[in-house]
Amino acid sequence: KAREERTSETVMSGATTTQKNTTFQGKPLQDVANLTDVPGVGPKSAGKLVEANIDTPIKLMGQFMVLGCAETKMTSWLEDVAELRNAEAKKVTEGLAEKAAVLVTR
């Protein structure tokens, strides 16, 4: 029974991330009010980003664009400068990359 509960929590956690990404992708960037509205960013990660002078979703997207929309570079920047864990950094980067694909024509 404990195993079923853990599996259920994992599924719910994944659904929450998917829902958060769907909401993030469905809004214009200027309407995304908080860093915690970005997929992969929770309260702790938001605090770390603020310490790195990234205090809005627009600034976070700007950093991604400054890095040439390069996912590997952004993931590394999030890990090195904002001190996010690899899994969080990847989720954030994936969400930004998906959003940037709509905003920027390559």
Next item on the list: Quickly, which of M65, E71, Q63 forms a side-chain contact (heavy atoms from CB on, under 4.5 Å) with L67? Name it, please.
Entry: Q63
Note to self: Just verifying a value: how many Å separate K99 NZ and K27 NZ, rounded to the nearest 0.5 Å?
What the structure shows: 9.0 Å
Check: Just by modelled atom types, is the R85 backbone N or O under 3.5 Å from a matching donor or acceptor in the E79 side chain?
Finding: no
Margin query: I'd like to know if L96 and V50 are part of one continuous hydrophobic network [Ile/Leu/Val/Met/Phe/Trp/Tyr, side-chain heavy atoms within less than 4.5 Å].
Written below: yes
Notebook entry, point to check: Does the E51 side chain pair with the main chain of A82, one donor and one acceptor, at a distance under 3.5 Å?
Noted result: no
Check: How close do F24 and L29 get, heavy atom to heavy atom, and via which atoms?
Finding: CE1-CD1, 4.3 Å
Checklist line | Student check: side-chain heavy atoms of L78 and L60 closer than 4.5 Å | finding: yes
Notebook entry, point to check: Can you name the closest pair of heavy atoms from A100 and F64 and give their distance?
Noted result: CB-CE2, 3.7 Å
Check: Counting only heavy atoms not in K44, do more than 12 sit closer than 6.0 Å to its NZ atom?
Finding: no
Check: Under a 4.5 Å cut-off applied to non-hydrogen side-chain atoms, are W77 and L84 in contact?
Finding: no
Check: Should T75 and N86 count as side-chain neighbours, where that means a heavy-atom distance under 4.5 Å?
Finding: yes
Next item on the list: Decide, yes or no, whether a salt bridge links E88 with K91 under the criterion of side-chain N to carboxylate O below 4.0 Å.
Entry: no
Notebook entry, point to check: What are the two closest non-hydrogen atoms of L35 and I54, and how far apart are they?
Noted result: CD1-O, 3.3 Å
Margin query: Using a 3.5 Å distance criterion without hydrogens, assess whether the side chain of K20 forms a donor-acceptor pair with backbone atoms of T36.
Written below: yes
Notebook entry, point to check: Tell me, do V92 and P39 make a side-chain contact under 4.5 Å, heavy atoms counted?
Noted result: no
Item checked: Full working for side-chain contact (heavy atoms from CB on, under 4.5 Å) between M61 and L103 -> CA-CA 10 Å; M61 178 61 80; L103 300 173; 4.1 Å; yes
Checklist line | Hphob cluster co-occupancy, V41 + I58, side-chain heavy atoms under 4.5 angstrom | finding: yes
Margin query: Surrounding NZ of K48 (heavy atoms of other residues, nucleotides or ligands, distance under 6.0 Å), is the total greater than 12?
Written below: yes
